[in-house]
*Asks:* 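Structure below; questions to follow.
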Amino acid sequence: MDSKTPSSPVVTFAALDRLLAAGRANSLWPLTFGLACCAIEMMAAGASRFDISRFGAEVFRPSPRQADVMIVAGTVNWKMAPAVKTLYDQMLEPKWVIAMGNCAISGGPFVFPGQYAVVEGVDKLFPVDVYIPGCPPRPEALIEGILELEQKITGKRRWPRVQPA
């Protein structure tokens, strides 16, 4: 078993672990959860032009108990933070988090000395697996983030990276 393949901490069943990781990576179910303008780009990624269903992430679930990926798209305020944390806690294991946009990553343009309302990064509430920078990031960036998460789950990349011309 190579060092990139995820395994259980006590007992390792290499072929079964790889099979389960491939199944999980190719059928990610995101939680329907958008907070601000980044949510518009997340919706565009699910529409026909970008179509994230090609990558197995088409089924946006309305319940945290049915989802395995939380895409935090937008600004999280401290008043909203307990609800966001509750939704994360209600998701079943294994679960992953994608922080989409500068506001979810670091508070974005709303961070200034003396501000008290904006969470300066959703990683202060729970662990984040993939960061997607931008204000707002394009739908292609969300697709790349989903591919990065798949690579993190399986240890290999399904689609090759496109090199700029």
Side-chain angles (χ1 to χ4, degrees), residues 24-92 94-154 156-165:
R24 288 176 179 145
N26 293 323
S27 63
L28 295 171
W29 288 5
L31 181 63
T32 305
F33 188 73
L35 294 170
C37 45
C38 290
I40 302 299
E41 300 296 324
M42 182 175 66
M43 288 181 250
S48 59
R49 181 173 182 185
F50 299 101
D51 192 24
I52 60 173
S53 63
R54 293 177 291 163
F55 306 99
E58 67 188 288
V59 185
F60 280 91
R61 304 310 303 174
S63 168
R65 291 177 181 86
Q66 299 170 347
D68 52 7
V69 178
M70 176 185 270
I71 302 173
V72 181
T75 311
V76 179
N77 294 320
W78 282 111
K79 194 172 188 177
M80 184 70 170
V84 176
K85 180 77 169 105
T86 300
L87 287 173
Y88 175 78
D89 291 339
Q90 289 178 350
M91 290 172 62
L92 301 176
K95 56 187 170 185
W96 300 279
V97 175
I98 297 175
M100 182 177 176
N102 292 344
C103 294
I105 294 172
S106 65
F110 305 108
V111 175
F112 55 88
Q115 76 86 18
Y116 56 88
V118 176
V119 176
E120 295 181 12
V122 77
D123 54 357
K124 302 222 184 318
L125 303 175
F126 40 76
V128 174
D129 297 296
V130 176
Y131 295 92
I132 303 173
C135 185
R138 298 269 310 142
E140 296 95 336
L142 177 58
I143 292 171
E144 177 64 27
I146 289 170
L147 292 175
E148 287 290 324
L149 183 58
E150 287 180 5
Q151 182 177 0
K152 186 173 187 171
I153 295 169
T154 61
K156 59 184 176 155
R157 184 137 174 125
R158 177 168 46 150
W159 300 94
R161 284 191 171 85
V162 177
Q163 299 298 325

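Small disclaimer: the values here were computed from a predicted structure and weren't measured.
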*Asks:* Using a 4.5 Å cut-off on heavy atoms from C-beta on, say whether the side chain of E144 contacts that of E148.
*Replies:* yes
*Asks:* Over all heavy atoms of both residues, which pair between A39 and G34 is shortest? Give the atoms and the distance, please.
*Replies:* CB-CA, 3.5 Å
*Asks:* Drop me the distance from W78's CH2 to K124's NZ, to the nearest 0.5 angstrom.
*Replies:* 7.5 Å
*Asks:* Enumerate donor-acceptor pairs with a distance under 3.5 Å from any side-chain N or O in residues 110-122 to protein atoms, sequence neighbours excluded.
*Replies:*
from: Q115; atom 1: OE1; to: A117; atom 2: N; distance (Å): 3.1
from: Q115; atom 1: OE1; to: V118; atom 2: N; distance (Å): 2.9
from: Q115; atom 1: NE2; to: V118; atom 2: O; distance (Å): 3.2
from: Q115; atom 1: NE2; to: E120; atom 2: OE2; distance (Å): 3.2

*Asks:* Indicate the atoms forming the closest heavy-atom contact of G145 with I132, along with that distance.
*Replies:* CA-CD1, 4.0 Å
*Asks:* Using modelled atom types only, decide if a donor and an acceptor are shared between the side chain of D129 and the backbone of V97 within a distance under 3.5 Å.
*Replies:* yes
*Asks:* Per the ring pair (Phe, Tyr, Trp, His ring centres under 6.0 Å) rule, what does the pair list look like for residues 125-144, sequence neighbours excluded?
*Replies:* Y88-F126
*Asks:* Apply side-chain hydrogen bond (donor to acceptor under 3.5 Å, both in side chains) to K85 and list each qualifying residue two or more places apart in sequence or on a separate chain.
*Replies:* D89
*Asks:* With heavy-atom distances below 4.5 Å as the criterion, would you say the side chains of M100 and L142 are in contact?
*Replies:* yes
*Asks:* With rounding to the nearest 0.5 Å, note down the distance linking SG in C38 to CE in M43.
*Replies:* 10.5 Å
*Asks:* Could you tell me the separation between the CZ atom of R61 and the CG atom of L31, rounded to the nearest 0.5 Å?
*Replies:* 10.5 Å
*Asks:* If only atom types and distance count, is the side chain of D68 paired as donor or acceptor with the main-chain N or O of L28 below 3.5 Å?
*Replies:* no
*Asks:* Do you know which two heavy atoms are closest between V128 and V130, and how far apart they sit?
*Replies:* CG1-O, 3.4 Å
*Asks:* Given side chains that start at C-beta, do those of L35 and T75 come closer than 4.5 Å, heavy atoms only?
*Replies:* no
*Asks:* I need the minimum non-hydrogen distance between P30 and I71, along with the two atoms involved.
*Replies:* CB-CD1, 3.8 Å
*Asks:* With heavy-atom distances below 4.5 Å as the criterion, would you say the side chains of C103 and P109 are in contact?
*Replies:* yes
*Asks:* What I'd like to find out is whether the side chain of F60 reaches to under 4.5 Å of the side chain of M42, using heavy atoms alone.
*Replies:* yes
*Asks:* Could you tell me which non-hydrogen atom of Q90 sits nearest to which non-hydrogen atom of P64, and how far apart they are?
*Replies:* OE1-CG, 3.2 Å
*Asks:* Any side-chain heavy-atom pair from I153 and E150 closer than 4.5 angstrom?
*Replies:* no
